[in-house]
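Note that the coordinates shown come from a computational prediction; the quantities given were computed from them, not determined experimentally.
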Amino acid sequence: QVQLVESGGGLVQPGGSLRLSCAASGRIFRIYTMGWYRQAPGNQRELVATITSGGSTNYADSVKGRFTISRDNAKNTVYLQMNSSKPEDTAVYYCNAEIRHWSFSSSLSIYWGQGTQVTVSS
């Protein structure tokens with residue numbers, strides 16, 4: 001019913017910048033919290049950042065001051081601006097969204113994107 005499509009991943013040098021995008025499409029009445037998570041090989045998936053529909057943000061300590069999450073509600077899109085990248089930021093990055101499908105139902109569904117690889121290396 002809903003698809004999340006990520007883009008913008010790739011190879012970046014240490015200290016460099018990258019911008020990830022994630023667009024939601026399908027049967028959407030309203031999107032609540034959107035977020036970015038990442039999973040490095042051998043590790044569990046971890047929170048990177050979240051943003052509510054009102055614009056309140058939350059960041060993992062490891063990315064505070066370097067990454068910025070933002071969203072365009074008109075485009076159903078969330079972004080992650082990655083600055084001052086470090087090798088330990090290397091991972092598959094997934095976007096996530098809480099979606100309400102119908103105006104007559106308050107139930108929410110959680111959706112995940114397919115993931116985009118980010119590699120920080122010289």
Side-chain angles (χ1 to χ4, degrees):
Q1 288 185 324
V2 171
Q3 285 188 322
L4 301 182
V5 179
E6 296 126 336
S7 60
L11 175 65
V12 61
Q13 291 188 340
S17 297
L18 209 58
R19 190 192 195 207
L20 306 183
S21 300
C22 173
S25 63
R27 189 171 296 282
I28 299 170
F29 172 71
R30 185 168 295 158
I31 303 178
Y32 291 87
T33 299
M34 303 183 82
W36 288 96
Y37 293 73
R38 66 187 181 187
Q39 186 167 17
N43 291 354
Q44 291 186 334
R45 190 172 298 187
E46 63 177 7
L47 170 73
V48 176
T50 61
I51 184 168
T52 67
S53 56
S56 296
T57 58
N58 178 55
Y59 294 93
D61 288 343
S62 59
V63 307
K64 279 182 182 176
R66 300 188 299 119
F67 291 9
T68 301
I69 189 170
S70 61
R71 65 190 284 173
D72 184 334
N73 291 328
K75 295 181 179 180
N76 290 338
T77 299
V78 62
Y79 305 96
L80 184 70
Q81 178 66 43
M82 305 170 58
N83 296 332
S84 303
S85 298
K86 302 177 180 180
E88 51 264 43
D89 294 325
T90 296
V92 178
Y93 283 70
Y94 299 90
C95 70
N96 160 287
E98 296 177 336
I99 293 176
R100 179 177 170 184
H101 293 292
W102 310 99
S103 61
F104 53 81
S105 172
S106 60
S107 65
L108 301 179
S109 299
I110 306 297
Y111 290 90
W112 292 89
Q114 80 285 356
T116 185
Q117 177 70 46
V118 172
T119 303
V120 183
S121 175
S122 55

| said: Salt bridge check, D89 against K86: does any charged N sit closer than 4.0 Å to a carboxylate O? | reply: no
| note | Residues K64 and D61: closest non-hydrogen pair is NZ-OD1, 3.1 Å
| request: Give, for atom CD1 of I31 and atom OG1 of T52, the distance between the pair rounded to the nearest 0.5 Å. | output: 13.0 Å
| said: Hydrophobic clusters here meaning ILVMFWY residues chained together by side-chain heavy-atom distances under 4.5 Å, can you tell me if I99 and Y94 are in one? | reply: no
| Going hydrophobic residue to hydrophobic residue with side-chain gaps under 4.5 angstrom, can you get from Y37 over to I110? | yes
| query | Residues sharing Y32's hydrophobic cluster, by side-chain heavy-atom contacts under 4.5 Å among ILVMFWY, directly or via others? | reply | L108
| request: Give a yes or no answer on whether the side chain of R71 reaches the backbone of G35 with a donor-acceptor pair at less than 3.5 Å. | output: no
| query | Are the side chain of S121 and the backbone of T119 linked by a donor-acceptor contact shorter than 3.5 Å? | reply | no
| task | Any pair with a residue in residues 44-60 that passes salt bridge (Lys or Arg N to Asp or Glu O under 4.0 Å), sequence neighbours left out, goes on the list, sorted by first then second residue, please. | result | R38-E46
| task | Mind checking side-chain contact (heavy atoms from CB on, under 4.5 Å) for T68 and listing every partner two or more places apart, or none if nothing turns up? | result | Y59, Q81
| query | According to a 4.5 Å side-chain heavy-atom criterion applied to Ile, Leu, Val, Met, Phe, Trp and Tyr, with indirect links allowed, do M34 and F67 form part of one hydrophobic cluster? | reply | yes
| remark: For Y79, the hydrophobic cluster (side chain heavy atoms closer than 4.5 Å, chained through members) also holds none
| query | Nearest 0.5 Å, what's the CG-CG distance between N96 and L47? | reply | 9.0 Å
| task | Sort and list the pairs that fulfil salt bridge (Lys or Arg N to Asp or Glu O under 4.0 Å) and have at least one residue in residues 9-34, not counting sequence neighbours. | result | none
| task | Sequence neighbours left out, what pairs pass disulfide (SG to SG under 2.5 Å) with at least one residue falling in residues 36-74? | result | none
| So do the side chains of E88 and V120 get within less than 4.5 Å of each other, counting heavy atoms only? | no
| Which ILVMFWY residues are connected to F104, directly or by a chain of links, through side-chain heavy atoms under 4.5 Å apart? | W102
| request: Can you tell me which residue pairs pass the disulfide (SG to SG under 2.5 Å) test with a partner in residues 53-90, sequence neighbours excluded? | output: none
| task | Starting at CD1 of I69, measure out to CG of L80 and round the result to the nearest 0.5 Å. | result | 6.5 Å
| request: List for me each residue that meets side-chain hydrogen bond (donor to acceptor under 3.5 Å, both in side chains) alongside S56, sequence neighbours excluded, and say none if there are none. | output: none
| remark: To the nearest 0.5 Å, atom OG of S53 lies from atom CZ of R100 at 11.5 Å
| task | Could you grab the distance from atom CG of L11 to atom CD of Q117, nearest 0.5 Å is fine? | result | 10.0 Å
| said: I need the minimum non-hydrogen distance between A24 and L4, along with the two atoms involved. | reply: CB-CD2, 3.3 Å
| Which pairs count as disulfide (SG to SG under 2.5 Å) when at least one residue sits in residues 56-88, sequence neighbours excluded? | none
| request: Would you give the length of the straight line joining atom CD of E98 to atom OG1 of T50, rounded to the nearest 0.5 angstrom? | output: 9.0 Å
| said: Measuring only between side-chain heavy atoms, which start at C-beta, is V2 closer than 4.5 Å to I28? | reply: yes
| field | Pairs flagged by disulfide (SG to SG under 2.5 Å) wherever residues 22-122 is involved - sequence neighbours left out | value | C22-C95
| Honestly curious: do V78 and Y111 fall in one hydrophobic cluster under the side-chain, below-4.5 Å linking rule? | yes
| said: According to side-chain contact (heavy atoms from CB on, under 4.5 Å), who are the partners of T116, at least two apart in sequence or on a separate chain? | reply: E6, L20, Y93
| query | What is the minimum heavy-atom distance between G16 and S85, and which atoms define it? | reply | O-OG, 2.9 Å
